[in-house]
Amino acid sequence: QVQLVESGGGLVQAGETLTLSCASSGGTFTGDAMGWFRQTPGKEREFVAAIRRTGVSSNRPYYADSVKGRFTISKDNIKNTVSLQMNSLKPEDTAIYYCTVRQYWSVQYYNKDQYTSWGQGTQVTVSS
């Protein structure tokens, strides 16, 4: 079974940049949808960004409105990684960030319940 491992979290000040990476251990990414979600205590896990791994639209990213224009999702099908570059970070971006994959791409790329594999999460803390 593919296991996902996130890295790159940490503590930064508002306005700074962090880049998260997600690698697959134990095998190749087999899912066609790759995404990032985040969660804060007491709240639902929320969609951040997604990208399709293969196909004609595989380079088109999708973002939550709250991060559009600041975050960039990218993938490397050879290295089997997916990354999230987070620019102009805000205190409200503070959360545990999770990498995830699902087998098939869907227009509901924002729906966490349709993703099947998750990483353990990496903490991102943005101070004001």
Side-chain angles (χ1 to χ4, degrees):
Q1 184 178 356
V2 172
Q3 293 186 338
L4 306 176
V5 180
E6 303 98 337
S7 61
L11 171 63
V12 296
Q13 294 188 335
E16 294 186 340
T17 295
L18 268 180
T19 299
L20 306 181
S21 293
C22 177
S24 167
S25 66
T28 303
F29 278 125
T30 55
D32 201 31
M34 307 160 74
W36 290 92
F37 284 70
R38 66 187 182 186
Q39 189 170 21
T40 54
K43 292 190 176 181
E44 290 278 323
R45 192 168 296 187
E46 67 173 8
F47 169 73
V48 175
I51 193 166
R52 188 171 184 175
R53 194 172 66 87
T54 62
V56 295
S57 61
S58 62
N59 289 325
R60 178 183 175 181
Y62 297 82
Y63 300 102
D65 288 342
S66 59
V67 306
K68 201 172 294 183
R70 300 187 298 121
F71 289 13
T72 302
I73 187 171
S74 61
K75 60 180 176 64
D76 187 322
N77 289 350
I78 295 176
K79 294 182 179 179
N80 291 311
T81 59
V82 59
S83 299
L84 185 70
Q85 181 176 329
M86 307 183 292
N87 298 330
S88 303
L89 281 161
K90 304 175 181 180
E92 50 264 43
D93 294 318
T94 295
I96 298 175
Y97 284 71
Y98 297 89
C99 170
T100 184
V101 297
R102 52 179 287 183
Q103 185 173 4
Y104 300 109
W105 180 258
S106 162
V107 294
Q108 292 195 6
Y109 51 82
Y110 51 84
N111 186 343
K112 69 181 186 309
D113 295 330
Q114 296 190 5
Y115 286 85
T116 54
S117 297
W118 294 85
Q120 81 288 352
T122 186
Q123 177 71 49
V124 172
T125 303
V126 184
S127 64
S128 58

Report the C-alpha distance between Asp32 and Thr54 in whole Å, list the side-chain angles of each, state the deciding distance to 0.1 Å, and finish with yes or no for side-chain hydrogen bond (donor to acceptor under 3.5 Å, both in side chains).
CA-CA 6 Å; Asp32 201 31; Thr54 62; 2.6 Å; yes
Drop me the distance from [X]'s [atom1] to [Y]'s [atom2], to the nearest 0.5 angstrom.
X: Leu20; Y: Trp36; atom1: CG; atom2: CH2; result: 4.5 Å
X: Glu92; Y: Ser66; atom1: CD; atom2: OG; result: 9.0 Å
X: Leu4; Y: Cys22; atom1: CG; atom2: SG; result: 4.5 Å
X: Ile73; Y: Ser83; atom1: CD1; atom2: OG; result: 8.5 Å
X: Leu18; Y: Thr122; atom1: CG; atom2: OG1; result: 8.5 Å

Tell me the ring pair (Phe, Tyr, Trp, His ring centres under 6.0 Å) pairs involving residues 62-86, sequence neighbours left out?
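The answer is Tyr62-Trp105, Tyr62-Tyr109.
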Keeping Ser117 on the side-chain end and Thr100 on the backbone end, is there a donor-acceptor pair under 3.5 Å?
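No; judged by distance alone, with no hydrogens or angles, the pair does not exist.
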Is Thr94 reaching over with its side chain to a backbone N or O of Val126, donor-acceptor style, under 3.5 angstrom?
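The answer is yes, because a donor-acceptor pair under 3.5 Å joins these two groups.
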Without placing hydrogens or testing angles, list every side-chain donor-acceptor pair under 3.5 Å for residues 40-51, not counting sequence neighbours.
{"from": "Glu44", "atom 1": "OE1", "to": "Lys112", "atom 2": "NZ", "distance (Å)": "2.9"}
{"from": "Arg45", "atom 1": "NE", "to": "Gln39", "atom 2": "OE1", "distance (Å)": "3.2"}
{"from": "Arg45", "atom 1": "NH2", "to": "Gln39", "atom 2": "OE1", "distance (Å)": "3.3"}
{"from": "Glu46", "atom 1": "OE2", "to": "Arg38", "atom 2": "NE", "distance (Å)": "2.6"}
{"from": "Glu46", "atom 1": "OE2", "to": "Arg38", "atom 2": "NH2", "distance (Å)": "3.2"}

Would you mind reporting whether Glu6 and Gln120 have side-chain heavy atoms less than 4.5 Å apart?
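Result yes, sub-4.5 Å side-chain heavy-atom pair found.
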With the side chain counted from C-beta on, respond yes when Pro61 and Thr72 share a heavy-atom pair under 4.5 Å apart, and no when they do not.
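No, their side chains stay 4.5 Å or more apart.
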Hydrophobic cluster membership, [X] vs [Y], 4.5 Å side-chain cutoff:
X: Val82; Y: Val124; value: yes
X: Tyr115; Y: Met34; value: no
X: Trp118; Y: Val101; value: no
X: Leu89; Y: Tyr98; value: no

Heavy-atom pair of closest approach, residues Lys79 and Asp76:
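The answer is N-OD1, 2.9 Å.
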Which residues end up grouped with Ile78 if you chain together Ile, Leu, Val, Met, Phe, Trp and Tyr wherever their side-chain heavy atoms are less than 4.5 Å apart?
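Under the 4.5 Å side-chain rule, Ile78 groups with nothing.
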Any residue meeting side chain to side chain contact (heavy atoms under 4.5 Å, CB included) with Ser106, in chain and number order, not counting sequence neighbours:
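Counting only residues at least two positions away or on another chain, Ser106 forms a side chain to side chain contact (heavy atoms under 4.5 Å, CB included) with Arg102, Gln108, Gln114.
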Could I get the full list of side chain to side chain contact (heavy atoms under 4.5 Å, CB included) partners for Gln13, not counting sequence neighbours?
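Per chain and number, Gln13 pairs via side chain to side chain contact (heavy atoms under 4.5 Å, CB included) with Glu16, Ser127.
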By salt bridge (charged side-chain N to carboxylate O under 4.0 Å, His left out) - contacts of Asp113 (at least two apart):
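Scan of Asp113 (salt bridge (charged side-chain N to carboxylate O under 4.0 Å, His left out), adjacent residues dropped) gives none.
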Could you check whether Lys90 pairs with Asp93 (Lys NZ or Arg NE/NH1/NH2 to Asp/Glu carboxylate O, under 4.0 Å)?
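Salt bridge between Lys90 and Asp93, a charged N being under 4.0 Å from a carboxylate O: no.
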